[in-house]
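Each remark here refers to the structure printed beneath this line.
Just follow the structure's listing: the first ligand is 1, and inside any ligand the first atom is 1.
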Amino acid sequence: MNKVPFVTKEQVEEMARTYPTPFHLYDERGIRENVKALKEAFSWNPGFKEYFAVKATPNPFLMQILQEYGCGCDCSSYTELMLSEAIGVKGADIMFSSNDTPAEDFAYADKLGAIINLDDITHIDFLEKTIGHIPETISCRYNPGGLFKISNDIMDNPGDSKYGMTTEQIKDAFQILKEKGAKEFGIHAFLASNTVTNDYYPMLAKVLFEQAVRLQKETGVHIKFINLSGGIGIPYTPDQEPNNIRAIGDGVRRVYEEVLVPAGMGDVAIYTELGRYMMGPYGCLVTKAIHEKHTHKEYIGVDACAVNLMRPAMYGAYHHITVLGKEEAPCDHKYDVTGSLCENNDKFAIDRMLPKIDKGDYLVIHDTGAHGFSMGYNYNGKLKSAELLLKEDGSVQLIRRAETPADYFATFDCFEIGKTLIS
Ligand SMILES: *Cc1c(COP(=O)(O)O)cnc(C)c1O
């Protein structure tokens, strides 16, 4: 597939007059079309709800777009809960799927009326001691262990993952929670990440639905929802075939009708906690080439760095790059595209074939809409960039300003910028 940016050179030049690069840019139209298609694909399930994984793109302006379509928020920390509250997402519209959870976070989630998804059986006691009761609606995270395979392909390794309860534990947890007064139960599992196949959700659904039927039989609890969590991926590379959300929804429906309906569980709601799928393709990092360097390799230095997008440095992840205005030019130059951190892994691309890049060219780094800006950090005293929204009418809205040195200094109470110690 030819990966085409959702923004042109002319538009970026116009934006850069007001907002210097680097910046993250989001595509309102793409976000809206995608969330509509997701809802449509699961419209067969009356209780269906997407709880957007806030950690992927924790920007209230973008969260509000999803909120218009009835999406809730999946939070895993105190501040993510605050973000949800700030846009008016409260109560059962919040899924609190955390792990290694601090007491304050449980207390705040409970105060907001969030659905609490317990990562471990020991958290039952911890939660009860913290908030003084067990909520009527409660969810438990399941981890069947072993390898998660689709045919012979290993998708991921749940047996090596820190999350969730074993098969024995989740049964015991449901029994204990029931004795303590819980009435409505949910099951959650996240067994493979960034899957680019229409089979992941249906396979996961089969595991969870069968487990749900067993749990309902063995413990007598009422299972209200099954949360398929995140994990639907996006095609980062041009050769990958995008997921077909319609086929995924239909696949889950088949398993639902095969496993849950015959067990008398046709009232179970399907929840999702998608992050990457909701936002990934609808964001990009726009950066300018500011240096070229010819040593043992050919380097293009840009004004963004791993602080703006950590995935290549952290996971060796591929992010497609388009040189704006040179979309049709032959990719006959081999470059490492680097940032300025004092870290040799600060490279957005290694040995990448690209058109000849000149200083001043704008580069679009694709698919940064999820787990992009949000993973940012401040190494080397680098500041986080702005986030801009390209609206459906073509206008641009600043949805987060760039950090300034004052933001960096804000946590040193006794220092001021440009001055020496003042107290
Ligand atoms: C990260 C995460 C998600 C979202 O994952 P994606 O891969 O972005 O879809 C959902 N739920 C939980 C609990 C997570 O930790």
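- For the pair Arg32 and Glu68, the salt-bridge criterion is met [side-chain N within less than 4.0 Å of a carboxylate O].
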Distance-only criterion, 3.5 Å: show the donor-acceptor pairs between side-chain atoms of residues 90-97 and protein atoms not counting sequence neighbours.
{"from": "Asp93", "atom 1": "OD1", "to": "Lys49", "atom 2": "NZ", "distance (Å)": "3.1"}
{"from": "Ser97", "atom 1": "OG", "to": "Asn117", "atom 2": "ND2", "distance (Å)": "3.0"}
{"from": "Ser97", "atom 1": "OG", "to": "Glu273", "atom 2": "OE2", "distance (Å)": "2.6"}

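- Seen from the ring of Tyr236, Arg276 does not count as a face-on cation partner, given the 6.0 Å and 45° thresholds.
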Taking a 3.5 Å cut-off between nitrogen or oxygen atoms, can you list every pair linking ligand 1 to the protein, with distances?
{"from": "ligand 1", "atom 1": "8 (O)", "to": "Arg276", "atom 2": "N", "distance (Å)": "2.8"}
{"from": "ligand 1", "atom 1": "8 (O)", "to": "His371", "atom 2": "NE2", "distance (Å)": "2.7"}
{"from": "ligand 1", "atom 1": "9 (O)", "to": "Gly231", "atom 2": "N", "distance (Å)": "3.1"}
{"from": "ligand 1", "atom 1": "9 (O)", "to": "Gly275", "atom 2": "N", "distance (Å)": "3.1"}
{"from": "ligand 1", "atom 1": "11 (N)", "to": "Asp74", "atom 2": "OD2", "distance (Å)": "3.1"}
{"from": "ligand 1", "atom 1": "11 (N)", "to": "Ser229", "atom 2": "OG", "distance (Å)": "3.2"}
{"from": "ligand 1", "atom 1": "11 (N)", "to": "Glu273", "atom 2": "OE1", "distance (Å)": "2.7"}
{"from": "ligand 1", "atom 1": "15 (O)", "to": "Lys55", "atom 2": "NZ", "distance (Å)": "2.6"}

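- Look at Glu258 and Arg254 and you find no salt bridge, because none of the NZ, NE, NH1 or NH2 atoms lies under 4.0 Å from a carboxylate O.
- Side-chain rings of Phe185 and Phe174 approach one another, their centers coming within less than 6.0 Å.
- Note on Lys3 versus Asp367: salt bridge recorded, some NZ/NE/NH1/NH2 to OD/OE distance being below 4.0 Å.
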